[in-house]
Amino acid sequence: MPPPPVPPPRQRVHNTRLATGALSSPPNAGSSRPSANAGGSGEEKGKGKERGKEGQGESPAALAVLRGCTIFVDVRTEEGDDAGALFVDMLRGLGAKMATRVGSRCTHVVYKNGLMSTLTRWRLLKEPRPLVVGIAWVVECAEQLTRVDEAKFMVNLDMANVAGVNKVRSLPHLLRSCETGY
């Protein structure tokens with residue numbers, strides 16, 4: 001009796017837990033669909049390849065731009081919803097490793113309207129702490145295809161906006177507190 005057939009190896013998909021606890025996975029991760037170029041005429045394949053290369057402008061060296069950086073992303077909308085997935089994807093494309101929480105192994109924290117817990121964890125770290133930069137640093141690195149100096153993009157955490165904390169919720173609430181004295 002012949003040995004049982006060996007199933008093909010599964011493609012590894014690396015997920016990153018964002019500040020919200022939600023998993024962020026690379027685009028097409030876990031997608032079982034064949035690519036658009038598979039199973040077409042030779043002409044379609046050629047067009048697809050050219051179209052794919054046209055707008056990317058990435059070289060193998062571009063994927064190592066942020067190699068050696070371990071980055072935690074805490075980016076939120078004004079309402080407090082997680083908006084970091086785009087930046088996680090950009091950073092991965094530049095060769096950075098993503099951290100699931102702020103810790104001593106982080107080299108950078110990308111922060112905008114993030115959670116209070118991110119600030120607390122960062123403040124509890126011993127020196128040298130990770131550099132806290134804004135989203136503009138990620139965009140600039142992606143545009144320049146190089147690791148840009150972080151000094152212009154540092155975030156002052158004393159003045160940082162925290163998701164949902166520094167907002168005035170309603171004007172009637174303020175009026176009532178003025179009328180009653182507390």
Side-chain angles (χ1 to χ4, degrees), residues 11-31 35-37 46-115 117-119 121-123 125-163 166:
Q11 181 181 7
R12 288 182 170 230
V13 177
H14 299 284
N15 291 325
T16 299
R17 191 159 301 275
L18 300 172
T20 59
L23 289 176
S24 168
S25 57
N28 302 333
S31 173
S35 68
N37 291 339
K47 285 182 183 177
K49 286 181 184 175
E50 287 174 19
R51 196 179 320 120
K53 290 180 182 176
E54 207 171 278
Q56 288 179 352
E58 291 186 30
S59 66
L63 298 177
V65 168
L66 296 178
R67 181 168 290 161
C69 295
T70 302
I71 303 174
F72 177 75
V73 176
D74 191 3
V75 176
R76 301 189 170 273
T77 63
E78 293 292 324
E79 292 78 33
D81 298 326
D82 186 26
L86 171 70
F87 299 101
V88 168
D89 292 341
M90 289 173 72
L91 290 164
R92 275 199 185 119
L94 294 171
K97 291 182 182 177
M98 304 312 301
T100 56
R101 65 176 58 176
V102 177
S104 59
R105 294 185 183 205
C106 288
T107 58
H108 296 77
V109 174
V110 177
Y111 188 88
K112 180 181 181 196
N113 296 336
L115 297 175
S117 60
T118 301
L119 298 179
R121 285 180 186 266
W122 182 83
R123 288 181 178 131
L125 290 173
K126 295 177 182 172
E127 294 289 342
R129 292 180 179 142
L131 300 171
V132 181
V133 293
I135 58 176
W137 179 75
V138 178
V139 173
E140 193 69 20
C141 287
E143 287 177 356
Q144 306 270 336
L145 289 178
T146 186
R147 181 173 171 178
V148 178
D149 181 31
E150 294 90 349
K152 294 188 290 186
F153 303 97
M154 298 296 284
V155 174
N156 179 358
L157 291 183
D158 295 329
M159 301 298 292
N161 192 20
V162 177
N166 298 348

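Positions are given from 1, in the same order as the sequence printed here. The model shown is predicted, which means the values in this text are computed figures rather than measured ones. Below, all heavy atoms of this structure are taken into account, side chains as well, without hydrogens, waters or symmetry copies.
At distances below 3.5 Å, not a single donor-acceptor pair connects side-chain atoms of Thr70 with backbone N or O atoms of Thr107.
Val138 and Leu94 make their closest contact through O-CD1, 4.5 Å (heavy atoms, listed as atom of the first residue, atom of the second, distance). The shortest heavy-atom contact between Cys141 and Leu66 is SG-CD2, 4.3 Å. Taking every heavy atom of both residues into account, Ala96 and Ile71 meet most closely at CB-CD1, 3.7 Å.
Taken from OG1 in Thr118 to CG in Asn113, the straight-line distance is 11.5 Å, to the nearest 0.5 Å.
For residues 134-145, no residue pair satisfies the salt bridge (Lys or Arg N to Asp or Glu O under 4.0 Å) rule, not counting sequence neighbours. Pairs of residues two or more places apart, or lying in two chains, that qualify as salt bridge (Lys or Arg N to Asp or Glu O under 4.0 Å) and include a residue from residues 150-160 are Arg147-Glu150.
Residues Tyr111 and Leu157 meet the side-chain proximity criterion, which asks for heavy atoms closer than 4.5 Å. Residues Val133 and Met154 meet the side-chain proximity criterion, which asks for heavy atoms closer than 4.5 Å. Asn156 has its side chain out of reach of Val132: every pair of non-hydrogen atoms, C-beta onward, lies at least 4.5 Å apart. You'll find the side chain of Arg76 reaches within 4.5 Å of the side chain of Asp82, heavy atoms only. For the pair Val102/Asp74, no side-chain contact is recorded, criterion being any heavy-atom separation below 4.5 Å from C-beta on.
Taking Leu86 as the reference, Met90 meet the side-chain contact (heavy atoms from CB on, under 4.5 Å) condition, with sequence neighbours excluded. By the side-chain contact (heavy atoms from CB on, under 4.5 Å) test, Lys112 pairs with Val75, Ile135, sequence neighbours left out. Residues forming a salt bridge (Lys or Arg N to Asp or Glu O under 4.0 Å) with Arg129 (at least two apart in sequence, or on another chain): Glu127. Residues satisfying the side-chain contact (heavy atoms from CB on, under 4.5 Å) criterion with Cys106, sequence neighbours excluded, are Phe72, Ala99, Pro130.
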